[in-house]
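Throughout, a chain's letter reflects where its sequence line sits, starting with A, and its residues are numbered from 1. Keep in mind that this is a model prediction, so the values were computed, not measured.
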Protein chains: 2
Amino acid sequence: MTTAPPSPRVLPHPTRDEIRLDSVLHALSDPVRLRIVSELADAEAALSCSRFDLPVTKSTTTHHFRVLRESGVIQQVYEGTAKMNGLRREDLDALFPGLLDALLVAARRQAARDAHA
Amino acid sequence: MTTAPPSPRVLPHPTRDEIRLDSVLHALSDPVRLRIVSELADAEAALSCSRFDLPVTKSTTTHHFRVLRESGVIQQVYEGTAKMNGLRREDLDALFPGLLDALLVAARRQAARDAHA
DNA sequence: CCCGTACTACGACGGCTATCGTACGAGTCC
DNA sequence: GGACTCGTACGATAGCCGTCGTAGTACGGG
């Protein structure tokens, strides 16, 4: 058809220079997204979206992953039907040294406090 | 009078245990508030609200300071007509070691990038 | 006592956003 | 081709939030 058939199989990511601290913090200020990032960091490898057991529906999950991608926190690539997610650790460390690690430690501590409750 | 005379001169703060990472990150995800925290860290001493030159009205300023206080990021005490603000560095460092420093460095780097733009 | 300064309280408004359901497209496997 | 899985797009909804203006309170000084 006349309709341009733009294969939406490639996803837009911000370049390293386009990553903004405000956006990163906003992305991480949601409990669901913080949890995603924590699990991703523990995995040390790219995970498909469906590998996460989140307390929201699939629609909402898609939304959260997009927020993380558009803020530059994660990288997403299609692999067959699955979409693999990986932390953009290099970029984040280069831009904001120590921040990601501190955030991950903080998230772990908060989770521990919550468990003890 | 019969009216309980609750001197509103003392402000409610969360205890250290009540400080939540989600709330802290949310508080810091606003550019205005991040800027307040940066200036506060540079000052190394308590500052009155009016010491800040922010691009919002006084009403909004009050709002932002309240968010920071209620999330546990800053401490506020009245001193005459002024309200002095200080970072809760000890509490934050105890709860989330390294986080505040990493955030301050990140904020400084982001500001530098913005200036070069 | 009156005024000025510092900050607050309240209400309003517009915009963002987390959530969902449903309908759909892209790949894989039989 | 047909069915199944993974993920998307779109619309709707409800709640939160940043912003403001105005009116008001608390404190200190003349």
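- In this structure a side-chain-to-backbone donor-acceptor pair under 3.5 Å is present from B:S71 to B:V67.
- Between the side chain of A:T81 and the base of D:dG7, no donor-acceptor pair of N or O atoms lies under 3.5 Å.
- One can place CG of B:L34 at 16 Å from C1' of D:dG18, the figure rounded to the nearest angstrom.
- The OH-C1' distance, from A:Y78 to D:dT5, rounds to 14 Å in whole Å.
- Proximity of a side-chain donor or acceptor of B:S38 to a complementary backbone N or O of B:L34 within less than 3.5 Å is detected.
- Heavy atoms of B:T61 sit nowhere under 4.0 angstrom from any nucleic acid atom.
- Residue-to-nucleotide proximity on DNA chain C shows that, of A:P55 and B:K58, the 5′-proximal contact is made by B:K58.
- Phosphate proximity of C:dT19 to A:T57: absent, as no side-chain N or O sits under 4.0 Å from OP1 or OP2.
- Of the side-chain N and O atoms in B:S50, one or more sit less than 4.0 angstrom from OP1 or OP2 of C:dC7.
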Exercise for the section: Could you give me the CA-CA distance, side-chain angles and deciding distance for B:V24 and B:H26, then say whether side chain to side chain contact (heavy atoms under 4.5 Å, CB included) is met? Expected result: CA-CA 5 Å; B:V24 170; B:H26 172 251; over 6 Å; no
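- For B:H63 and A:R66, each mapped to the nucleotide of DNA chain D holding its nearest heavy atom, the one lying further toward the 5' end belongs to A:R66.
- In this structure, A:R51 reaches neither bases nor backbone, as no heavy-atom distance under 4.0 Å exists between it and the strands shown.
- Each of A:H26 and B:T62 was matched to the nucleotide of DNA chain C holding its nearest heavy atom; the match closer to the 5' end belongs to B:T62.
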